Each structure stands twice: as C-alpha cells, then as structure tokens.
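I have placed the structure first, in the form of structure tokens, so that the comments after it can refer back to it.
Scope of the values below: all heavy atoms of this structure, side chains included, with no hydrogens, waters or symmetry mates. Since we're looking at a predicted model, the values are computed, not measured. Per chain, numbering begins at 1; letters A, B, ... match sequence-line order.
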Number of protein chains: 2
Amino acid sequence: MSAREQRQVASDAGLSKQRMVVEAVRLADREGVDGLSMRRLAGELGAGAMSLYRYVASKDELLDAMVDLVFEEIELPLEETGWQSAMRRRAVSTRQVLAGHPWAIGLLESRTSPGPANLRHHEAVTACLRRAGFTVVMATHANWLLDSYVYGFALQEAGLPFDTADEFADMGEGVYLPQLPPEEFPYLNESAAALVAGGYDPADEFTFGLDLILAALEPLRAAA
Amino acid sequence: MSAREQRQVASDAGLSKQRMVVEAVRLADREGVDGLSMRRLAGELGAGAMSLYRYVASKDELLDAMVDLVFEEIELPLEETGWQSAMRRRAVSTRQVLAGHPWAIGLLESRTSPGPANLRHHEAVTACLRRAGFTVVMATHANWLLDSYVYGFALQEAGLPFDTADEFADMGEGVYLPQLPPEEFPYLNESAAALVAGGYDPADEFTFGLDLILAALEPLRAAA
DNA sequence: CGGTGTACGCGTACAGTGTACGCAACGGCT
DNA sequence: AGCCGTTGCGTACACTGTACGCGTACACCG
C-alpha cells in the first residue's frame, strides 16, 4: 500500500478540528508543548502538515482550542451541596485536570480570548457565588482569589521535580540539602530536615490553602 | 568599517553571561519569549549567534538565568515592620516585577532547578515567617499559599487584554458583552454591567485577596 | 456529457529556528 | 618561534510554521 493509500485509509475517519485538537492534546501530554509541531501532529493523524490548515488558521488557533478542551474536563460546580463544597470540588477538579496537562498552565497567560468552555465555567461559578449570597463585587473578588490560588498552585506543582512524598524526601536529602550551605540557608535547612523527618507531602498543601481561603470568604457572603 | 570590525567594536565591552542575560530579558520584554531567538539576541549584542554558546550551554540555560535575574528584582522582605507588612511588600513587589516581565510566568513551570536569587528569597521569606512565630510546617503552608496566590494572580493579570479600568470598561461593552448572549450567560452579563457601571478596576483585586489571606494566616502564628 | 464550483488534501518552497563541528585570531608563556 | 588557552564565529544540518498553488473528487446544472 502506497503512502498515499495509507494516508487515505487513515483519513477515512476524516480530518476534523475536533480530531486534531484531541490528538494535539495527547501529543502535548506526552512531549510537552515544545514537542508539539504541525508536522508531528500531522504524522500522528496520518495526514500532511498543510492539511491541518484547512481546519485551523494557525498553530496559535490550535493552542487556543487545546486549552479550551482542557477546560472542558473541569467539573462544573454543583450547588446542591452548598457553595463551599461546590467551590472546593471545582478547585480540586481544576487542579487535577491541570496536573494532567501541565503544559496548559503556561499557555493560560497568552490566551487572551477565552474559549466557550472557559466562559461556561465562569458563568457557572459566578452563578453559584451569587446564589450563595455574594454581591456582584464580592463574587468577582472570590472568583479572582480562588482562580489565582488554583492556577498558581498548579503552576508551582508543575515545576516540582518530584511527585510523591518519598521522592520529595529522596530529593531533599540527595539534591537540595547538598546545594544549601547551612550557614547561608539556615532556615531552609531547618525546614527541609523537619519536613523530611515529618513525612511531609506537598500534595497536602492544596487543601490547606483552599480550606483557609474558603473559610475566610464565608463571612463575606452577606456583605451589603 | 567591515561587519567584523563593527562587531569587534561592539564586543570590546566583551561578551559575558551577565550581558547576555540582561539583553535577553530586554528582548523578551519587548517581543515576548517567542520573539527571543539566539540569532536576534546575538544581533542585539553585536556578536555571532554561535558566540553565545561559549557563555551558556543552551537556550534552556539562558532561560533559567533570565528567570533568576527577574527574581533578583523582587524585594527581600524586611522584618522590622512586622511579618504581615513584610509579606505584603514582598507580594506586591513580586506582582510588580512579574507584571513587568509577563513572559517569565509561563517559564516558572518548566524551570525545575531554582536559581540563586530564588533560593535567597525562599530563605528570607522562611526566616521572616519562622521568626514571626510560625512553626516549620505552618511557615511552609504560608509560603505555598502566598506564592500560589501571587503567581496565579500574575498569570491571570498577564492574560488580561487590557491594562486600566477605562480599557476594561471599553472592552466590557465593546467586546465581551456582545459575545455573551444574556440568555446563556445571565450572571456574567449582570456582573459585567454592574462592574463597568461601578468603575471596577481589576488591579484592586490583588490587595483584596492578599489582605484576606494575610488576615487568615495571622491566627496560625503561634500554632503548637 | 461537459462545465463549473466547492471541498479536501498536500507538496514545494521560503524564511526562520537551535546547535554540532571545526576553524581562525590573538595573547601569554616558555 | 612554538604551544596553549581563550574568544569569536561561519558553515551546515535538521527542524520549525506557513504562503502558495496544484491535483483530485464530487455535486450540481444546463
């Protein structure tokens, strides 16, 4: 079977923007966003690179669509359980989704036109907060605060060179401490030693901060 | 004067890693990180592209150094004014610095080995919190929370397609509202209208969230 | 049946990218 | 004078995004 026939077979599923975006997300998950090129994506789809330009105007537009697809994985908040629980579930879901697609975080800052999924989320969160009694201004404050915290946490977590408490302990002793002369970094040394000894797991940080923020927002609900 | 002689004159200042990094940060500020290439940087320095590889092993190493230079601009916390004031000043400084170098935010997630300036900051912040009475674990919690909030805020702020309250008002009415059918996005419409009418400035969000977090951390100081 | 328009696919070419390799020039030292 | 180290960098290679234009297939119409 010639290369063209092979491509024909692959394309019998038909190229589409949806197929492209899904495959692009897979490729970015495996190789990072730097490993995503139009030629490589076309190879994965059994198509020519220039065929992709029938479905997206540019690589930038593809990246926009990829970010929106990631947003679609985030759960919409359910209000039946109360605003705090709904916000918590949404925050946990966002963090999990971004942990699965760490390349997407770095793209958030350069996507200036939010996609449909992003807008739907924004509407759902705003609805939940308003119905819980927050004023428009307070709901906006809460939205900013929660999103900032969640995205910032995901950003930092993505930059960690380990995934588990054990790996943290190993790196702490094998990599970090040797680089931190105690006379120059006494507090970091103290912290590293105490945290490793205490079985510290940075994954626990998320709920600590989230709980603190949600608790601090509660009294602001009925602000006049 | 031949091209070589021109370059010789320019190079009389001598290439160095420091000069490269400073110039690279300037270029990224003007053109974004996508506009930064080794050839363009070399052109700015009056050198050949391959000369740069005497001072950095790779473009990745240059990016690491750029991020660390940005960290150096952030003020170290001064404790004389109390831990809250010190944390607030550091947070405000971080936000200002990242607002000036928005390209750096997206790089934070891929830099897994913190540079010297980053470590010095980490030590200074940890010292301040520990001396204010936070336990090692609580100081770590506070560090994570504050950094997550600040980086996340900077990330979102960098993605905003406007800079001032007036631009927000203009875009709200001219761009956003037309894209949000009221029957589909009733709460976003309500919010946009109310915020524009109230002279809302998203820049104020930062201090709202920061104040709330610092107030929520205060009772945790003497946690045993 | 032939002509036309549209949809789909994509090869070629261009200008740009990071960097391996190896060469040239210069200064210092013996 | 020769050797060595330092500094600079040109060439070449493989890869990148995408403008342009061409080929093929299909549907529709007269």
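With rounding to the nearest 0.5 angstrom, the OG1 atom of Thr140(A) is 10.0 Å from the CZ atom of Phe208(B).
Within the structure, a side-chain polar atom (N or O) of Tyr55(A) is placed less than 4.0 Å from OP1 or OP2 of dG9(C). Using a 4.0 Å cut-off, some side-chain N or O of Arg40(B) falls inside it from OP1 or OP2 of dT17(C). OP1 or OP2 of dC9(D) sits under 4.0 Å from a side-chain N or O of Ser51(B).
Comparing dC9(D), dT17(C), dG17(D) against the side chain of Lys59(B) picks out dT17(C) as the nearest. Distance from the side chain of Met50(A) is smallest for dG11(C) among the nucleotides dG18(C), dG17(D), dG11(C). Looking at the side chain of Arg54(B), the nearest of the listed nucleotides dT16(D), dG11(C), dT7(D) is dT7(D).
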Quick one: do Trp103(A) and Asp34(A) satisfy side chain to side chain donor-acceptor pair (under 3.5 Å)? Show the steps, please. CA-CA 9 Å; Trp103(A) 50 265; Asp34(A) 285 340; over 6 Å; no
Please determine whether side chain to side chain donor-acceptor pair (under 3.5 Å) holds for the pair Gln156(A) and Tyr151(A), giving the CA-CA distance in whole Å, both sets of side-chain angles, and the decisive distance to 0.1 Å. CA-CA 9 Å; Gln156(A) 292 202 99; Tyr151(A) 295 147; over 6 Å; no
Is there a ring pair (Phe, Tyr, Trp, His ring centres under 6.0 Å) between Tyr149(B) and Tyr149(A) once you walk through the steps? CA-CA 4 Å; Tyr149(B) 174 67; Tyr149(A) 175 66; 8.5 Å; no
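The CG-C1' distance, from Leu36(B) to dT16(D), rounds to 16 Å in whole Å. Rounded to an integer number of Å, the gap from CG of Leu41(B) to C1' of dG8(D) is 15 Å. Between the P atom of dG22(C) and the OH atom of Tyr53(B) lies a distance of 18 Å, rounded to the nearest Å. Rounded to whole Å, atom C1' of dG16(C) lies 14 Å from atom CD of Glu31(B). One atom, CZ of Arg19(A), and another, P of dC8(C), lie 14 Å apart when rounded to the nearest Å. One can place CG of Asp34(B) at 11 Å from P of dG18(C), the figure rounded to the nearest angstrom. Between the C1' atom of dT19(C) and the CG atom of Leu52(B) lies a distance of 11 Å, rounded to the nearest Å. Rounding to whole angstrom units, CE of residue Met20(B) and P of dT7(D) are separated by 14 Å.
In the model, His101(A) has a side-chain atom that pairs as donor or acceptor with a side-chain atom of Glu73(A) under 3.5 Å.
Comparing Ala57(A) and Gly35(A) by the nucleotide of DNA chain D that holds the closest heavy atom to each, the one mapping nearer the 5' end is Gly35(A). Taking for each of Ala49(B) and Met38(A) the nucleotide of DNA chain D with the nearest heavy atom, the 5'-most of the two is the partner of Ala49(B).
Within 3.5 Å, a donor on the side chain of Arg39(A) pairs with an acceptor on the base of dT18(D), or the reverse.
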